[in-house]
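To start, the structure itself, in structure tokens.
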Amino acid sequence: MFDAVGITWEPGSGARNTKQSLQETFGETDRRMVIAYEFAGDSRGDYAAPAQGDFNGRYRSFAEELVSLGMGDTIITPNHEFNLSWSGKYPNDPQNYADAYARLVSVMQSVNGANFRFCFAPARNRQGIAPEAWPMDSQYWPDGEPAPIVAPSFYDGANGIYPSDPEDITDEQRERAWTEKHKPQLEMWLDFAKSRGASLGFREWGLASSAWVNNGGTDNPMFINRFFDWIESHDVVFQTYWNGNIDNPKHTIWPEDKSLLPEGGQRWRNRVTATLGTDDTTNDTASDTTNDTASDTTNDTTNTNIVGEYNRPARGSLDWHVPLNENFSDIEEDIKALNERLKKLE
């Protein structure tokens, strides 16, 4: 998709369609959206066409539309987790990925009113082809453009440390996972970013429930505390928790009745409300036997209307379990707009 109606965003009850909801929720507020952008289209892993500039018109059109919605400060993440060989986005030529990425940045930033930021978002375990695909090394990188934010995905998974049966997980294993696996990975990506003059961010991170395919630490408030402590002591631009698919709650912490991670979810809310300086008055009953509970500086409850006001329905929905708007005329309007855009592209 190369049009705003392709953004995964469900209109709130006060909006006619996706675009109006995006404008009200982001364009008319100080909120910023982070978009995972399939910038190679259907080709995904073949970046030859965008590397040659074939998609420049699409990038420009998308940027113009975001700016028109007041979203010229959006954070764009082109084909995240591209360094996973099985992801479908793994480049058959890393140089093509770098060139395509650089062209995307150059074109989108050239639009009047654009002030986008860009994420370079590999998966966490290993660098793989990330050094070869670094877009600032491309001849097409625009002069004066700052380095993209290095934003690896980061989950509480540790095959070889966590057992396959979630019932067998211990706090000692969780401590080992952080010390032997998670922290070294954070340091690896921090060094990667620093060596390239880039900042670090986390557009996708989270706990790993028993529904996850890999061995995860399940309901692990220790991981939440450790991660927040780490990012607060380093130069991290932003973090967004991956709340995931409510119907398959691998990482879901909200809504609580859909989550397999109640203690970890409460710990996340405690840390966020503490950072925002908002009130939190419910008891945090999460057990944590590693003496890192000192990081909890609130009375521990969350008023979700205070935390970003994201749950107010008139402003749109971040809860992916909410059914699509039943007003099908709204959907038809979006489809019509998309068809008109496709005709122009043809």
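Keep in mind it's a predicted model, so treat the numbers as computed, not measured. Atom set for the values below is all heavy atoms of this structure, side chains included, hydrogens, waters and symmetry mates excluded.
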Side-chain heavy-atom pair [X], [Y] within 4.5 angstrom cut-off:
{"X": "Ile246", "Y": "Pro255", "result": "yes"}
{"X": "Thr77", "Y": "Val34", "result": "yes"}
{"X": "Ile149", "Y": "Phe238", "result": "yes"}
{"X": "Glu256", "Y": "Gln266", "result": "yes"}
{"X": "Trp268", "Y": "Trp254", "result": "no"}
{"X": "Ile76", "Y": "Cys119", "result": "no"}
{"X": "Pro122", "Y": "Phe120", "result": "yes"}
{"X": "Pro249", "Y": "Lys258", "result": "no"}

[atom1]/[X] to [atom2]/[Y] distance, rounded to the nearest 0.5 angstrom?
{"X": "Asn56", "Y": "Ser61", "atom1": "CG", "atom2": "OG", "result": "12.5 Å"}
{"X": "Leu22", "Y": "Leu66", "atom1": "CG", "atom2": "CG", "result": "8.5 Å"}
{"X": "Trp189", "Y": "Arg126", "atom1": "CH2", "atom2": "CZ", "result": "10.5 Å"}
{"X": "Arg124", "Y": "Ser153", "atom1": "CZ", "atom2": "OG", "result": "7.5 Å"}
{"X": "Arg196", "Y": "Asp137", "atom1": "CZ", "atom2": "CG", "result": "7.5 Å"}
{"X": "Asn92", "Y": "Ser43", "atom1": "CG", "atom2": "OG", "result": "9.5 Å"}

Distance-only donor-acceptor check, side chains [X] and [Y], under 3.5 Å:
{"X": "Glu132", "Y": "Gln95", "value": "no"}
{"X": "Trp141", "Y": "Ser106", "value": "no"}
{"X": "Thr240", "Y": "Arg32", "value": "no"}
{"X": "Ser138", "Y": "Asp99", "value": "yes"}
{"X": "Glu204", "Y": "Tyr241", "value": "no"}
{"X": "Asp156", "Y": "Tyr162", "value": "yes"}

task = Could you give me the CA-CA distance, side-chain angles and deciding distance for Ser199 and Val150, then say whether side-chain contact (heavy atoms from CB on, under 4.5 Å) is met?
result = CA-CA 6 Å; Ser199 299; Val150 176; over 6 Å; no
Is there a path of hydrophobic side-chain contacts, each under 4.5 Å between heavy atoms of I, L, V, M, F, W or Y residues, that connects [X] with [Y]?
{"X": "Leu276", "Y": "Ile224", "result": "yes"}
{"X": "Leu200", "Y": "Phe118", "result": "yes"}
{"X": "Ile161", "Y": "Trp178", "result": "no"}
{"X": "Ile129", "Y": "Tyr47", "result": "yes"}
{"X": "Val67", "Y": "Met108", "result": "yes"}

message = So that I know where these two stand, are Tyr101 and Tyr140 an aromatic pair - ring centroids less than 6.0 Å apart?
response = no
Just by modelled atom types, is the [Y] backbone N or O under 3.5 Å from a matching donor or acceptor in the [X] side chain?
{"X": "Ser195", "Y": "Phe192", "value": "yes"}
{"X": "Asn115", "Y": "Asp73", "value": "no"}
{"X": "Ser110", "Y": "Val107", "value": "yes"}
{"X": "Arg103", "Y": "Ala51", "value": "yes"}
{"X": "Thr252", "Y": "Asn243", "value": "yes"}
{"X": "Asn79", "Y": "Phe82", "value": "no"}

Show the nearest heavy-atom pair for residues [X] and [Y], with the distance to one decimal.
{"X": "Ser210", "Y": "Leu260", "value": "OG-CD1, 4.1 Å"}
{"X": "Ala198", "Y": "Trp134", "value": "CB-CH2, 4.0 Å"}
{"X": "Trp212", "Y": "Gly157", "value": "CZ3-CA, 3.5 Å"}
{"X": "Arg203", "Y": "Ala121", "value": "CD-CB, 3.9 Å"}
{"X": "Ile253", "Y": "Leu207", "value": "CG2-CD1, 4.3 Å"}
{"X": "Gly201", "Y": "Val236", "value": "CA-CG1, 4.1 Å"}

For the pair [X] and [Y], find out whether any cationic side-chain nitrogen is under 4.0 Å from an anionic carboxylate oxygen.
{"X": "Glu65", "Y": "Arg60", "value": "no"}
{"X": "Arg44", "Y": "Glu38", "value": "yes"}
{"X": "Arg271", "Y": "Asp229", "value": "yes"}

query = Hey, mind stepping through Met33 and Ile7 against side-chain contact (heavy atoms from CB on, under 4.5 Å) and telling me if it holds?
reply = CA-CA 10 Å; Met33 178 174 254; Ile7 297 173; 3.9 Å; yes
Quick one: sort the [X] and [Y] rings into parallel, tilted or perpendicular, breaks at 30° and 60°.
{"X": "His234", "Y": "Trp230", "result": "parallel"}
{"X": "Phe223", "Y": "Trp205", "result": "tilted"}
{"X": "Phe227", "Y": "Phe154", "result": "parallel"}

request  = Count the heavy atoms of every other residue, nucleotide or ligand shown that sit under 6.0 Å from CG of Asn112, and state whether that count exceeds 12.
outcome  = no
message = If you count heavy atoms of other groups shown closer than 6.0 angstrom to CD of Glu172, is the number above 12?
response = no
task = Assess whether side-chain contact (heavy atoms from CB on, under 4.5 Å) is satisfied between Arg174 and Asn220, documenting all intermediate values.
result = CA-CA 8 Å; Arg174 289 170 172 146; Asn220 185 5; 3.4 Å; yes
inquiry  = Run the side-chain contact (heavy atoms from CB on, under 4.5 Å) test on Phe116 and Val105 for me, step by step, so that the C-alpha distance in whole Å, both residues' side-chain angles and the decisive distance to 0.1 Å come before the verdict.
reply    = CA-CA 9 Å; Phe116 302 110; Val105 172; over 6 Å; no
query = Is it true that the NZ or CZ of Arg226 lies under 6.0 Å from the centre of Phe228's six-membered ring and within 45 degrees of the ring axis?
reply = no
